[in-house]
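Since the model is a prediction, treat every value here as computed from it, not as a measurement. What's counted below: heavy atoms across the whole structure, side chains too, no hydrogens, waters or symmetry copies.
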Amino acid sequence: MTASASSTHLVLIPSYNPGPGVIDTVRQARAQWTPVWVVVDGSTDGTDRLLQAEAARDPGLRVIVLPQNQGKGSAVLAGIEQAAREGFTHALTMDSDGQHPADLIPTFMAASQRDPGTMVLGKPVFGPEAPALRVNGRKVSNGWANLETLWMGVGDSLYGFRVYPIAPLAKIMRGNRFMRRFDFDPEAVVRLCWAGVRPLNIDAPVRYLSAEEGGVSHFKYLRDNTLLTWMHTRLFIGFVLRLPLLVWRRLFGSEH
């Protein structure tokens with residue numbers, strides 16, 4: 001298969017200690033799209049060298065290495081700021097651990113190209129291997145995100161396979177000291193909705209790989225749920241302050 005090429009839309013993969021399986025993830029993405037950028041977020045597992053060697057053989061792949069681990073949101077921000085400087089307008093983010101469906105990259109990019117003012121959100125379709133605790137736990141975050149956006153239509157607030165318009169996302173992140181770690185995906189969706197960026201949802205499968213399959217998880221139940229609770233507390237306060245504007249938009253369809 002020949003990868004689709006674009007001068008406006010790129011694939012952006014933040015990566016932190018994903019293990020050697022990241023090469024398969026990157027190759028699958030490259031089979032679908034050009035260019036693909038990987039932002040190595042201070043990895044210490046040697047995958048920075050593996051990825052740089054892969055990029056030396058593949059002109060459609062770029063690797064950006066951050067010297068220290070700063071969190072997923074920080075890695076995405078570093079990537080989109082560089083992308084904006086080079087004229088890109090949209091970035092499809094996907095995880096480096098093989099959970100996300102690379103074969104759907106062209107579908108998501110096409111949806112974004114048809115309606116560039118939207119953010120294209122993956123709505124996860126879980127397999128039987130998905131941990132029930134994770135599947136049920138995300139329902140809480142989704143409920144809060146839909147309340148905080150006055151039900152603008154966020155299908156899933158946590159699934160990181162999505163296409164962002166770069167300009168509004170970068171503006172939001174530069175004006176906000178949060179959104180730098182695990183809280184990035186849900187807060188980005190809520191704040192983009194507040195900025196008038198409409199969500200467009202597309203079903204997409206998600207895989208939870210076992211350790212034998214090379215699966216790597218950095219999710220820490222207590223730490224990350226505490227972070228999400230603090231995030232939604234902040235967002236709910238912001239929601240209350242913005243409620244008149246959100247109601248106006250819902251009633252009259254204004255994006256401004």
Side-chain angles (χ1 to χ4, degrees), residues 9-19 21-22 25-26 28-29 32-33 36-41 43 64 69-80 83 90-105 107-109 111-112 118-127 130-131 134-135 137-142 144-145 154-166 169-170 172-173 178-193 197 199-209 215-220 224-225 227-228 231-232:
H9 288 60
L10 79 159
V11 174
L12 184 64
I13 305 177
S15 180
Y16 173 65
N17 288 354
V22 67
T25 298
V26 168
Q28 290 168 16
Q32 302 292 337
W33 202 259
V36 172
W37 291 10
V38 181
V39 181
V40 178
D41 185 25
S43 291
I64 299 169
N69 176 249
Q70 301 176 47
K72 179 178 182 178
S74 292
V76 170
L77 180 59
I80 63 173
H90 292 75
L92 181 148
T93 59
M94 63 182 293
D95 289 351
S96 62
D97 57 6
Q99 287 192 352
H100 293 165
D103 61 308
L104 287 183
I105 290 172
T107 299
F108 275 59
M109 293 299 206
S112 174
T118 64
M119 52 178 161
V120 184
L121 306 181
K123 186 175 180 181
V125 178
F126 296 103
R134 297 284 297 275
V135 174
R138 71 193 305 123
K139 294 177 182 177
V140 177
S141 185
N142 289 340
W144 277 110
V154 175
D156 190 272
S157 64
L158 292 169
Y159 195 27
F161 189 77
R162 48 180 60 156
V163 184
Y164 291 109
I166 288 174
L169 178 60
I172 287 167
M173 294 192 74
F178 300 106
M179 303 173 64
R180 297 304 191 264
R181 293 194 175 274
F182 182 73
D183 55 350
F184 166 72
D185 288 315
E187 187 156 0
V189 165
V190 170
R191 291 190 179 276
L192 282 168
C193 282
V197 179
L200 171 64
N201 301 290
I202 298 178
D203 287 349
V206 58
R207 295 179 60 204
Y208 282 87
L209 281 69
V216 177
S217 175
H218 301 294
F219 180 80
K220 303 295 184 184
D224 292 330
N225 279 299
L227 181 63
L228 288 177
M231 177 202 69
H232 282 301

Non-hydrogen atoms of [X] and [Y] that approach each other most closely:
X    : Y    : value
P165 : T118 : CD-O, 3.6 Å
F184 : M173 : CE1-SD, 3.6 Å
G122 : R162 : N-CB, 4.3 Å
Q32  : A102 : CG-O, 3.2 Å
F126 : V206 : CD2-CG1, 3.2 Å
S43  : S15  : OG-O, 3.4 Å

Measure from the side-chain N and O atoms of [X] to the backbone N and O of [Y], and report whether any donor-acceptor pair falls under 3.5 Å.
X    : Y    : result
N201 : G155 : yes
N142 : S157 : yes
T25  : G98  : yes

Any side-chain heavy atom of [X] within less than 4.5 Å of one from [Y]?
X   : Y   : answer
P14 : D41 : no
K72 : D95 : yes
L12 : V39 : yes

From [X] [atom1] over to [Y] [atom2], what is the distance, rounded to the nearest 0.5 angstrom?
X    : Y    : atom1 : atom2 : answer
L10  : I166 : CG    : CD1   : 6.0 Å
K123 : D203 : NZ    : CG    : 6.0 Å
S141 : L158 : OG    : CG    : 4.0 Å
T93  : I13  : OG1   : CD1   : 10.0 Å

Exercise for the section: Please work out whether the ring planes of H90 and H9 are parallel, tilted or perpendicular, with thresholds of 30° and 60°. Expected result: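 Parallel: the ring planes of H90 and H9 meet at under 30°.
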Practice task
Quick one: list whatever passes salt bridge (charged side-chain N to carboxylate O under 4.0 Å, His left out) with R181, sequence neighbours left out.
Solution key: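 With neighbours one apart ignored, the set is empty.
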Handout entry: Sole candidate of V197, L192, V120 that passes side chain to side chain contact (heavy atoms under 4.5 Å, CB included) when paired with Y164
Key =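 Of the listed residues V197, L192, V120, the side chain to side chain contact (heavy atoms under 4.5 Å, CB included) partner of Y164 is L192.
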Practice task
Please assess R191 against M179 for the test side chain to side chain contact (heavy atoms under 4.5 Å, CB included), listing each intermediate value before the final yes or no.
Solution key: CA-CA 10 Å; R191 291 190 179 276; M179 303 173 64; 3.8 Å; yes
Exercise for the section: Could you walk me through whether I105 and Q28 pass the side chain to side chain contact (heavy atoms under 4.5 Å, CB included) test, one step at a time? Expected result: CA-CA 10 Å; I105 290 172; Q28 290 168 16; over 6 Å; no
Practice task
Identify which one of F161, Y159, W33 satisfies the ring-ring contact (aromatic ring centres under 6.0 Å, His included) criterion when paired with F108.
Solution key: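 Testing each of F161, Y159, W33 against F108, the sole residue satisfying ring-ring contact (aromatic ring centres under 6.0 Å, His included) is F161.
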